[in-house]
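Below: the structure, in structure tokens.
To find a chain, count down the sequence lines: A is the first, B the second, and so on, and within it residues start at 1. Small disclaimer: the values here were computed from a predicted structure and weren't measured.
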Amino acid sequence: MKEKLVVILGPTATGKSRAGVMLAEKIGSEVVSGDSMLIYKGLDIGTAKPDKAQQKNILHHLIDIVEPWENFSAAAFQQRAARAISEVNSKGKVPILVGGTGLYIKSLLEGYEFSSAGESGLRRGLCAFAEKNGNYALWEKLQALDAALAAQIHPNNRQRVARALEVAMSGNKLSRGKQDGLVYDAMVFGLDMQRTALYARINQRVEEMFRQGLVKEVEGLVADGLPVNVQSLRGIGYKEVIDYLAGNIGLDACRELVARNTRRFAKRQGTWYKSMPYIDWHEVTDSTDWDFLVNIMQAKLVERFKLR
RNA sequence: GCCGCGGUAGCUCAGUCGGUAGAGCAGAGGACUGAAAAUCCUCGUGUCGGCGGUUCGAUUCCGCCCUGCGGCA
């Protein structure tokens, strides 16, 4: 028997967190974050992390679970999210997975089997090789080992060519295994917004982040000794501020870049969702009646899961 | 009012020694199986300000007009 799960996904800035907390209050449950940036401690403003007040009433899982200098992965997320979901289910509650990271959520719901070949020093060596001999030379190595796989990855995509090689050289395969249906007995809600409205909202939100002290947050992290090139600081809002602090760009340019990159990101998120036909979409606007919307979701859940 | 320089893709501009035009940015679409807010791929027709003239042919030359900026009055 599959475990129950509610998912709320959608592009950034559509109100997922808010809807998640409201729904959790209504059905008496807990939130599991499905976001690749909220996992980092100390990155709060730029990730629009739910604040302490929001986390006080409703228990949130998978937020602040690793240090900002640590690496994380989709595979690690998959394991930890599965554990959290089981834990909440065992309490007789239906967990609410809230987040926008396409790979994380899709791999969890559809049961991707990530290769057991873990991260090794090999990868760094391969990247160094590409640095020296070019991306194409690296890609040719992959082609020699697994032509079918190589055909699916563009030679310029060094990051993925390197990972594929790492797996191939360890004698493993990048699994494409898929199972029938979803791993969970899941109700998947999607929040969407008209593009122009969403972009306006993103622009506002970025302004707000700077007002709240995004620059200061980054300065603090760096002052505490966090190296500038760690994975967490590659996130949108962080890498640009680091460029600003380094004197490479002005503050206005920095703000613009953060907004632009967030817009592009929102668009990219959408392409993940297009490959998930089981999403139940709900359009939101600036004047959405959230209480009403969450009530609709709740009603659907009551019917689906036979809640009280 | 006079002089000068502009008016070309949403924006900033390039260019056509006369054969209807191209970059950057913005934007759009896509890929994605241990970095994923990462990484990577693809996409540029617009009354070339308006109206006339010269010409086989004008966005390109000429005239007038409209308009922006700077200077002189």
A:Arg255: partners by side chain to side chain donor-acceptor pair (under 3.5 Å), with sequence neighbours left out: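 Result, side chain to side chain donor-acceptor pair (under 3.5 Å) vs A:Arg255: A:Asp252.
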Nearest-angstrom distance, C1' atom, B:U8 to B:G71: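 Between the two C1' atoms, the distance is 26 Å.
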Atom P, compared across B:C61 and B:G4: separation rounded to whole Å: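 Comparing P positions in B:C61 and B:G4 gives a spacing of 16 Å.
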Base B:C32 to side chain A:Ser275, donor-acceptor N/O within 3.5 Å cut-off: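 It does not, because no donor-acceptor pair links the side chain of A:Ser275 to the base of B:C32 below 3.5 Å.
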Qualifying salt bridge (charged side-chain N to carboxylate O under 4.0 Å, His left out) pairs, either residue in residues 136-147 of chain A, two or more places apart: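 Every candidate salt bridge (charged side-chain N to carboxylate O under 4.0 Å, His left out) pair involving residues 136-147 of chain A fails, so no pair, neighbours aside, qualifies.
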Sequence neighbours excluded, every pair satisfying salt bridge (charged side-chain N to carboxylate O under 4.0 Å, His left out) that has a member inside residues 295-304 of chain A: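 As it turns out, the salt bridge (charged side-chain N to carboxylate O under 4.0 Å, His left out) pairs with a partner in residues 295-304 of chain A, which skip direct neighbours, are A:Asp185-A:Arg304, A:Asp280-A:Lys300.
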Enumerate, atom names and distances included, each donor-acceptor pair closer than 3.5 Å involving a side-chain atom of residues 131-138 of chain A, sequence neighbours excluded.
from     : atom 1 : to       : atom 2 : distance (Å)
A:Glu131 : OE1    : A:Arg158 : NH1    : 2.8
A:Asn133 : ND2    : A:Phe129 : O      : 3.1
A:Asn135 : OD1    : A:Arg158 : NE     : 2.7
A:Asn135 : OD1    : A:Arg158 : NH2    : 3.2

Polar atom pairs between nucleotides 10-13 of chain B and protein, under 3.5 Å, N or O only, would you list them?
none

Contacts of [X] that satisfy salt bridge (charged side-chain N to carboxylate O under 4.0 Å, His left out) - sequence neighbours left out:
X       : result
A:Glu3  : none
A:Lys41 : A:Glu67
A:Glu30 : A:Lys91, A:Lys93
A:Glu25 : none

Contact letters for nucleotides 38-43 of chain B, in which S counts primed atoms plus P, OP1 and OP2 and B counts the base, heavy atoms under 4.0 Å: BBSS--
Interface with RNA chain B, restricted to residues 189-226 of chain A and to heavy atoms under 4.0 Å: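 Within this stretch, A:Arg195, A:Tyr199 sit under 4.0 Å of the strand.
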Which nucleotides of RNA chain B pair, in dot-bracket form (Watson-Crick or G-U under 3.5 Å, | meaning another strand): (((((((..((((.....[..)))).(((((.......))))).....(((((..]....)))))))))))).
